[in-house]
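Here the structure is laid out as structure tokens; the discussion comes afterwards.
To find a chain, count down the sequence lines: A is the first, B the second, and so on, and within it residues start at 1. In what follows, every heavy atom counts, from backbone to side chain, and hydrogens, waters and symmetry copies are set aside. Here the structure is a predicted model, which is why all the values come from computation and not from measurement.
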2 protein chains.
Amino acid sequence: MAKNTSTAAPEGVGEPGGGLHGRRVSRNLRLEAAVNAAFALAEREGLAGLTMRRLAQEIDVDVTALYRLFRDKDELVLALCERTIEMELDEIGDLAPTESWQDVLRRVAEVTWRVQTRFPAITELTFARTTGGPAERQMVELLLGCFARAGLDPTRAVLLYRTFIDTALGLCAGTAALHSLQPEVRTKDHTTWTRVYSHLSEAKFPVTRAHTDALSAVDDKAIYDTAVEAVLSTAESWASRSRGV
Amino acid sequence: MAKNTSTAAPEGVGEPGGGLHGRRVSRNLRLEAAVNAAFALAEREGLAGLTMRRLAQEIDVDVTALYRLFRDKDELVLALCERTIEMELDEIGDLAPTESWQDVLRRVAEVTWRVQTRFPAITELTFARTTGGPAERQMVELLLGCFARAGLDPTRAVLLYRTFIDTALGLCAGTAALHSLQPEVRTKDHTTWTRVYSHLSEAKFPVTRAHTDALSAVDDKAIYDTAVEAVLSTAESWASRSRGV
DNA sequence: ACCTGAACACCGTTCAAGT
DNA sequence: ACCTGAACACCGTTCAAGT
């Protein structure tokens, strides 16, 4: 069953004592180890450091051994994507049935931000991908359930679910892309606001000049929260309209 | 003046007949040519095809000549970012003073989508960057002006301006990332929804199953429009509240 | 003052040859 | 059945040597 999810298959269920059993377990263990090492490597060295060669050396195997665990680098990337969602589901934990759909979505958004910004390199690689794996399926069911509970018809529920998750991941990816620039370039990029925008001519850029302080003070998490709340408000508005309020 | 914007300086203004004149013009012309070629290359070959070596060969110069035009690849990327914004400003054109701030923002969003999705490779490279260049400054002034006109105080105007542009570019980047996958991988990724999600067990994934058709039918532009409208609604709501309505 | 060729330290990926 | 070494076709970037 589910032969397309080898990267997250349960460890050696079935075939008791069969010859395949031990090999499969050890294969999954090595897969796990490779994925774990990739996270460590990504956190430590950034996007440029996450290469097949460095990863192989990190877990002390030959590069070509990695190509027996993953068909190519893209398959590794999808495994990292699945694992990211697993971590998020873990952190979300069990949901009290009393919790409103809005608060569930806020919790998902919060956890997503935390995990995705902790591993910026992996966010850059995975933020637009679809794995079809078990963790992703569970996340889809959870999120879609929120918008369905809100009282939206299927078309609108799906549209808002995708708006919610794509917006959230897109903003995480933007922040991640900045954080994974070389420290030097990153500082240059970040200080542009004060370096350039506070010295513009009052005549040609009156509005920008009037907003200089606010421009350099705004922070990424506030932007993220604002976007999330904007989508939630839209969901509430659509839901109440379809209930005929 | 403005020595940090060499990539977009006007062509040889001042120093009439000076020795620097001709050299500067020709330098800017070669810079222009390189940037134009990079767009053509990116559109034709995708992200993987946009390398310093291939770009040099495209404009028939040695690779090292490129490094006399751009300090490094990042400087080329920033030039491409500026040029993207220039194209967007061009397409936006002149604004009728009668146009509401909402409609101006809708037009900017529309043009941004069109340009960014036309050059997905460049969107991936630039969507989170800040250039500090003239085109970017003009765009900031234009967008910030909309939110200020709406009646928001500076802090809220800046917060919503950044939410608007970061959300828009993040969604464009997500779409761009999908479009720049190898055609094979891309089809795999896109068909995941029908391949995996329509075969889930009714018992474990009831909500997903009830939304199968909608999940495979949703399109990226509708998601983008929904997100943009969500931010506009928030702006309207904040504006009316601060006017004491 | 500009251009050229060659090199450095990397990539992802493949494959024949070993055990 | 697994592992190793070497290779292929690339990267971004630098630099001495030419004109």
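If you measure from atom CD of B/Gln57 to atom P of C/dC3, you get 18 Å, rounded to the nearest angstrom. Put simply, CG on B/Leu66 is 16 Å from P on C/dG5, counting in whole angstrom units.
The side-chain heavy atoms of A/Tyr197 and A/Arg209, taken from C-beta on, include no pair separated by under 4.5 Å.
Put simply, the side chain of A/Arg137 gets close to the backbone of A/Gly132: a donor and an acceptor are under 3.5 Å apart. The main-chain N or O of A/Asp213 is found under 3.5 Å from a side-chain atom of A/Ser216 such that the two form a donor-acceptor pair. A distance-only check finds a donor-acceptor pair linking the side chain of A/Glu82 to the backbone of A/Glu136 [under 3.5 Å].
Within 6.0 Å of NZ in A/Lys204 there are 12 or fewer heavy atoms belonging to other residues, nucleotides or ligands.
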Return a single string for nucleotides 7-19 of chain C, one symbol per nucleotide in 5' to 3' order, where B is base contact, S is sugar-phosphate-only contact and - is none, cutoff 4.0 angstrom on heavy atoms.
B---BBBBB----

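Screening residues 113-128 of chain A for salt bridge (charged side-chain N to carboxylate O under 4.0 Å, His left out), with sequence neighbours left out, gives A/Glu43-A/Arg118, A/Glu91-A/Arg114.
No side-chain N or O of B/Arg129 forms a donor-acceptor pair with one of B/Thr126 less than 3.5 Å apart.
For D/dC2, the OP1/OP2 oxygens have no side-chain nitrogen or oxygen of A/Arg68 closer than 4.0 Å.
Relative orientation of the B/Trp113 and B/Tyr224 rings is tilted, given thresholds of 30° and 60° on the angle between their planes.
In secondary-structure terms, DNA chain C builds stems of at least 3 consecutive Watson-Crick or G-U pairs, each pair having both distances under 3.5 Å, at C:4-8 with D:12-16, C:12-16 with D:4-8.
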